[in-house]
Amino acid sequence: MGHSSGKSYIYEEPGLKSWFTSLDHKRIAILYFVAVMFFFLVGGIMALLLRLELFAPNTSANVGQILKNGDAYNQVLTYHGAIMVFMVIIPGIPAILGNFFLPLQIGAKDVAFPRLNLMSWYVFMLGASLAVATFFASKIDTGWTFYTPYSIRTGSSVVMMVVAAFIMGMSSILTGLNFIVTVHRLRAPGMTMFRMPLFTWAIYSTAVLQVLATPVLGITLLLLMMERVFGVGIFDPKLGGDPVLFQHFFWFYSHPAVYIMILPAMGVISELITTYSKKTIFGYTAIALSSIGIAAVSFFVWGHHMFVSGQSELAGVLFSFITMLVGVPTAIKMFNWLATLYKGSITFSAPMLYALGFMFLFAIGGVTGIILAVTAVDVHFHDTYFVVAHFHYVMVGGTLMAIMGGFYHWFPKMFGKMYNELTAQLSWVFIFIGFNVTFFPQFILGAKGMPRRYFDYIPEYEQLNKISTVGSWLIGIGFLFGLYTIIRGLTSGAKAPPNPWGSKTLEWQTESPPTMHNFDHDPIVTAGPYEYK
Amino acid sequence: MAIWTLLMNKAMADTFMPAQGTEIAKSVDNLYAFLVVVSFISCAILIGGMIYFAMKYKRKSANDKTAYITHDTRLEVLWSVVPLIIFMVVFAWGWVIFHDMRSMPADALEIQVTGKQWAWTAEYKNGVKSVDIVVPVNRNVKIVLASEDVLHSFYVPSFRIKQDAIPGRYTNLWFNATKLGEFHVFCAEYCGTTHSGMITRLKVVSQEDFDKWLTSESEIGTLPIAERGRKYFQTRACASCHNVDNPAAKVGPSLYQLFGKDESVQEGGTVKVDENYIRESILDPQAKHVTGFPKPSPMPSFQGQLSESELAALIEYIKDLK
């Protein structure tokens, strides 16, 4: 390591313009970071608003009604879903942490196509701006799934939103392509595929999914536009189309997208668990290959979203069977992380709390996923709050926990400063408890039969909804602490050493923050990523 | 299995699930109870193990030495195969019940149910149309679903069944209700503004009552319109709050000789009692409150519970109260 031979990437070139034209992967990661954080704030406020509306049923005198009417609720619901999926969870880990650390972890100077990388950000921002613009044009109310024929008939700017999602999908494809080439071409000498850190493996598997699955979403959205704009009958039965066909197309993308959202999170968890228990990962090969396994099988499970959609019984049974198979590599990962803790040296700093929180919540998200994959049981649970609870346990309890944990873990590397451990832990306590208070009652609500996307509900669901809403406030407080921790760390954090956690992966073997070229000398790799001996 | 049923089913059904209205509901709950127990055990192993290790191997000093364990093939096979076996068991168990759900009995009573934004309408073989879905107990009933506009989903939580209604084609489901009573039918597929208000009642009655209901409903169809209104007035229990043969107020205002009058309302000014005012008062009782009556009004909204023709008949009946 030695003394710094150059300025850090943050100060290499001054001025705002240098940031918006930078080809450096680390600076582009920061650009994504600022954008995604903003969208997360917007999507989060919408979530709080939805929960507030559901605090009480709308009695005859409109007591308990916060949003103006069902339309207003449906719109906020749609934007919450679309923003969180397309603008927070999907780009979250790959575009921020992946961009920053994938090249560092394999000992590269940058991604393979730096110019394309910057372009991806601009394409993403174009799509995102268009999506935000629909909010001011005429708000869409289709839900993030755009199910036909409702999305063809509802009088709102669906086409604009669909174009936005199409453009953001483009950005996702470009980023994925960039990462795949980077992994194949730019690994440092000695960095074989099976010496790559598991975070890189996960981002790599995700990139493959992004490149293969996202075009299908693009095609589907184009077909939807053709139908809406030119009246070509594809999905609308009035024009001779088939509305269920849309669901097949949509989930053919969106189920792999679920893994686009969770695989990177699993990668982060592998890094956190090894670092904070000072232990080599248990079953490296199994974890690496299970990422690929999950990615491959995830293309053939889309029909489990459609058990009651009118698809045949045989189709339902086949999709149920294949879905069970995805459960296996997921279980393998969980057990491997558990085994990694065995005989480790475990600290409870904030990133590790998030990693353990992830395991806790993802275990619940996982087993409820199996429950939903059982055909006969899903008939009852489909489109109820049970599903809402399940995917929040996976997406928030899983992915978002990993984003937060990963973010604290790499904060010293990204910004060269330490964050305040106490407020970070306090933030975790509120988020973790608040999350369970918010979403666990929703499993029971779903079992009792409360359908999702309901602006109002029958009085017997009131109590559980109240508890859930109170939980959402705790989560809100938790994120306020998180925001405080980040701002405080940025403004007055202590200077970070190159490797504050004693981690073994390559990104920690250079300065904090790294110089523009990442490493003073090209690293030569002679061993695996987790050699804690 | 019998012991299982005894222990789990009852506990589950009363606390976490809606009342079991069919035999299939019971078999679904059995499987669900099994899944919950297995899930609980799995989570206990994973989460319990995690907490145990985290406590036991808590860092003692910065120089702790840790064991270097890269893998253990036997363990890895174990935790791949055991979950796989469990998954296959619940998959097969689910399939058996699902097959039962999807096999329409040949002898079923068929009812055509159509969803439209935002109400369900049931149509019986003899031409009776009804917003409430009335079925006989202990008899196979097949629902043929259609939609007039967008996707809907016919969901009866107490029967553990659900099926999407799709415009442009028919879908179906069946059940055999074993419990008398009223059950909720929800729309479970998002369909726009009043999706959450698209709720109807499914009434399970004895065969005798069902026949009686069906006959009287079909006779209603041939009655003069105001006479039909009188019937609906009775069946909807409007008379429990509104007088029709004298001007005295009950819980709500009397409807006797009301039509055409001017009523002063708490929202300010007076309102002429015409067809649209009565319609509004039935569908949205909170829109206007007659002076001297409680606000908010205790009257429930009948939005989504009356068909247009039923509404028209009620208004016609109220017009005739002279």
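Chain naming here is simple, since letters A, B, ... match the order of the sequence lines and numbering starts at 1 in each.
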Looking at [X] and [Y], what are the two nearest heavy atoms and their distance?
{"X": "B:Val150", "Y": "A:Arg153", "result": "N-NH1, 4.3 Å"}
{"X": "A:Ile346", "Y": "B:Ala54", "result": "CD1-CA, 3.7 Å"}
{"X": "A:Ser309", "Y": "B:Ile166", "result": "O-CD1, 3.0 Å"}
{"X": "A:Thr375", "Y": "B:Trp95", "result": "OG1-N, 3.8 Å"}
{"X": "B:Pro167", "Y": "A:Pro237", "result": "O-CG, 3.4 Å"}
{"X": "A:Pro149", "Y": "B:Asp149", "result": "CG-O, 3.6 Å"}

Quick check: do [X] and [Y] have side-chain heavy atoms less than 4.5 Å from each other?
{"X": "B:Phe53", "Y": "A:Leu338", "result": "yes"}
{"X": "A:Val374", "Y": "B:Trp93", "result": "no"}
{"X": "B:Tyr57", "Y": "A:Lys279", "result": "no"}

Counting heavy-atom pairs under 4.5 Å to chain A, which of [options] comes out on top?
{"options": "B:Val90, B:Val28, B:Ile97, B:Thr171", "answer": "B:Val90"}
{"options": "B:Cys187, B:Gly49, B:Ser153", "answer": "B:Cys187"}
{"options": "B:Pro83, B:Ser61, B:Ser147, B:Cys43", "answer": "B:Cys43"}

**Residue pair B:Trp79, A:Phe282: steps toward the ring pair (Phe, Tyr, Trp, His ring centres under 6.0 Å) verdict** = CA-CA 13 Å; B:Trp79 65 50; A:Phe282 185 96; 5.6 Å; yes
Whether [X] side chain and [Y] backbone form a donor-acceptor pair below 3.5 Å:
{"X": "B:Lys58", "Y": "A:Phe348", "answer": "no"}
{"X": "B:Thr66", "Y": "A:Lys278", "answer": "yes"}
{"X": "B:Lys162", "Y": "A:Val379", "answer": "yes"}
{"X": "A:Asn74", "Y": "B:Gly192", "answer": "yes"}
{"X": "A:Arg453", "Y": "B:His195", "answer": "no"}

So what's closer than 4.5 Å to chain B heavy atoms on [X]: side chain, backbone, both or neither?
{"X": "A:Ile281", "answer": "backbone"}
{"X": "A:Thr285", "answer": "neither"}
{"X": "A:Tyr284", "answer": "backbone"}
{"X": "A:Leu325", "answer": "side chain"}
{"X": "A:Phe246", "answer": "neither"}
{"X": "A:Leu445", "answer": "neither"}

Residue among [options] with most heavy-atom pairs under 4.5 Å to chain B:
{"options": "A:Gly70, A:Ser151, A:Ala331, A:Gly344", "result": "A:Gly344"}
{"options": "A:Tyr457, A:Phe381, A:Phe443, A:Phe307", "result": "A:Phe381"}
{"options": "A:Gly240, A:Ala286, A:Gly310", "result": "A:Gly310"}

**Request:** Verify the ring-centre separation between B:Tyr190 and A:Tyr150: is it less than 6.0 angstrom?
**Result:** yes
**Request:** Give a yes or no on whether the ring-centroid distance for B:Phe159 and A:His380 is below 6.0 angstrom.
**Result:** no
Rounded to the nearest 0.5 Å, how far apart are [atom1] of [X] and [atom2] of [Y]?
{"X": "A:Asn58", "Y": "B:Ser196", "atom1": "CG", "atom2": "OG", "value": "8.0 Å"}
{"X": "A:Thr280", "Y": "B:His71", "atom1": "OG1", "atom2": "NE2", "value": "11.5 Å"}
{"X": "B:Leu78", "Y": "A:Phe335", "atom1": "CG", "atom2": "CZ", "value": "8.5 Å"}
{"X": "B:Gln163", "Y": "A:His382", "atom1": "CD", "atom2": "NE2", "value": "9.5 Å"}

**Item:** side chain to side chain donor-acceptor pair (under 3.5 Å) partner of B:Thr193, chosen from A:Asn69, A:Asp141, A:Asp71
**Value:**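 That would be A:Asp71.
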**Request:** Fit a plane to each ring of A:Tyr454 and B:Phe186, take the angle between them on a 0 to 90° scale, and name the class: parallel (under 30°), tilted (30 to 60°) or perpendicular (over 60°).
**Result:**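 Plane angle over 60°, so perpendicular.
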